[in-house]
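Below is one structure; the comments refer to it alone.
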Amino acid sequence: MKLLSQTAVCPNYYDPLYTVEFSAGDDCESERERIVRAVGQLVFQQFLEMSIRNAVEMDAKPAKLEVVPTSQILEESRRLLGASISDLAQMLGVSRPTIYSYLEGNEPSGSGKDFSGRLTLLKEVVQLVKEAHLPVPCSTLLRRKDVCGKTLKESLSDDSLSVESIQAFIFVEQQQVLARRARMSKQGQVKVPQKTDIKAISVPVHLE
């Protein structure tokens, strides 16, 4: 067993520096999983600490307040994150009918601090997914786990999510995407994402 400087992939984490190679005679699948998970957790923790350190070192500048309709945040969450109505209700701590009401254009009235904070973080997740150019819908992001085994969705719903941890989640998701593409390229199964022009799709005459 030895450590190699090459791509590594595991179910929840990705380490761009190291992976574990076993010979055909090694019979230690559980040991391999523990090592890969431990290395992945270390990378996640180091990236999180780096993000926090950079945030502290940056000069604080007044941010320009941009008011975004709640319905837009929710619609983009469904489109970019693949979030269901139940997912949104759970993350924001409201009922499904309330989510439908917001999607129809109604704005929260008298919403508490918890709701406002969660909505702001959800908006941040959506924005970072856009900036990272991740394939959408990025449905795996909400289910991705941190070093404590908690998913992004769970962290948002219990108010333990921060901007720094969102950045760490996005970073790990990016590495997973790169790993999948590299693996598919090696297998000769690369799929180039293409935008579909809905207007260009022809409809059979008998269905018009």
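- Taking CE of Met91 as the reference point, atom CG of Leu122 lies at 5.0 Å (rounded to 0.5 Å).
- For the atom pair CD (Gln174) and CG (Leu141), the distance works out to 10.5 Å, reported to the nearest 0.5 Å.
- Contacts classified as salt bridge (charged side-chain N to carboxylate O under 4.0 Å, His left out) and involving residues 93-108 (residues at least two apart or in different chains) are not found.
- Counting heavy atoms from C-beta on, the side chains of Thr151 and Leu142 never come closer than 4.5 Å.
- Qualifying side chain to side chain contact (heavy atoms under 4.5 Å, CB included) partners for Ser101, counting only residues two or more places apart in sequence or in other chains: Asn106.
- Side chains of Leu80 and Leu134 form no contact here, defined as non-hydrogen atoms less than 4.5 Å apart.
- Atoms CG and CZ, from Leu128 and Phe171 in turn, are 14.0 Å apart once rounded to the nearest 0.5 Å.
- Phe169 contributes atom CZ, which lies 10.0 Å from atom CG of Leu156 (distance to the nearest 0.5 angstrom).
- Considering CG of Leu74 and CG of Leu92, their distance stands at 6.5 Å, rounded to 0.5 Å.
- With contacts defined as side-chain heavy-atom distances shorter than 4.5 Å, the pair Pro108/Thr70 qualifies.
- Of the possible donor and acceptor atoms, none in the side chain of Thr98 sits under 3.5 Å from a partner among the backbone N and O of Val94.
- In this structure, the side chain to side chain contact (heavy atoms under 4.5 Å, CB included) partners of Pro135, at least two apart in sequence or on a different chain, are Val177, Arg181.
- Residue pairs meeting the salt bridge (charged side-chain N to carboxylate O under 4.0 Å, His left out) criterion with at least one member in residues 67-90, sequence neighbours excluded, are Glu76-Lys130, Asp87-Lys153.
- Considering only residues two or more places apart in sequence or on other chains, Ser160 meets the side chain to side chain contact (heavy atoms under 4.5 Å, CB included) condition with Lys150, Ser155, Asp158.
- Summarising the geometry of Ser157 relative to Arg118, their closest heavy-atom pair is O-NH2, 2.8 Å, with the distance given to 0.1 Å.
- The closest side-chain heavy-atom distance from Ser77 to Leu88 is below 4.5 Å.
- By the 4.5 Å heavy-atom criterion applied to side chains, Lys123 and Leu119 are not counted as neighbours.
- The CD atom of Gln176 sits 4.5 Å away from atom CZ of Arg144, with the distance rounded to the nearest 0.5 Å.
- Annotation: side chain to side chain contact (heavy atoms under 4.5 Å, CB included) contacts of Ser162 (sequence neighbours excluded): Glu164, Ser165.
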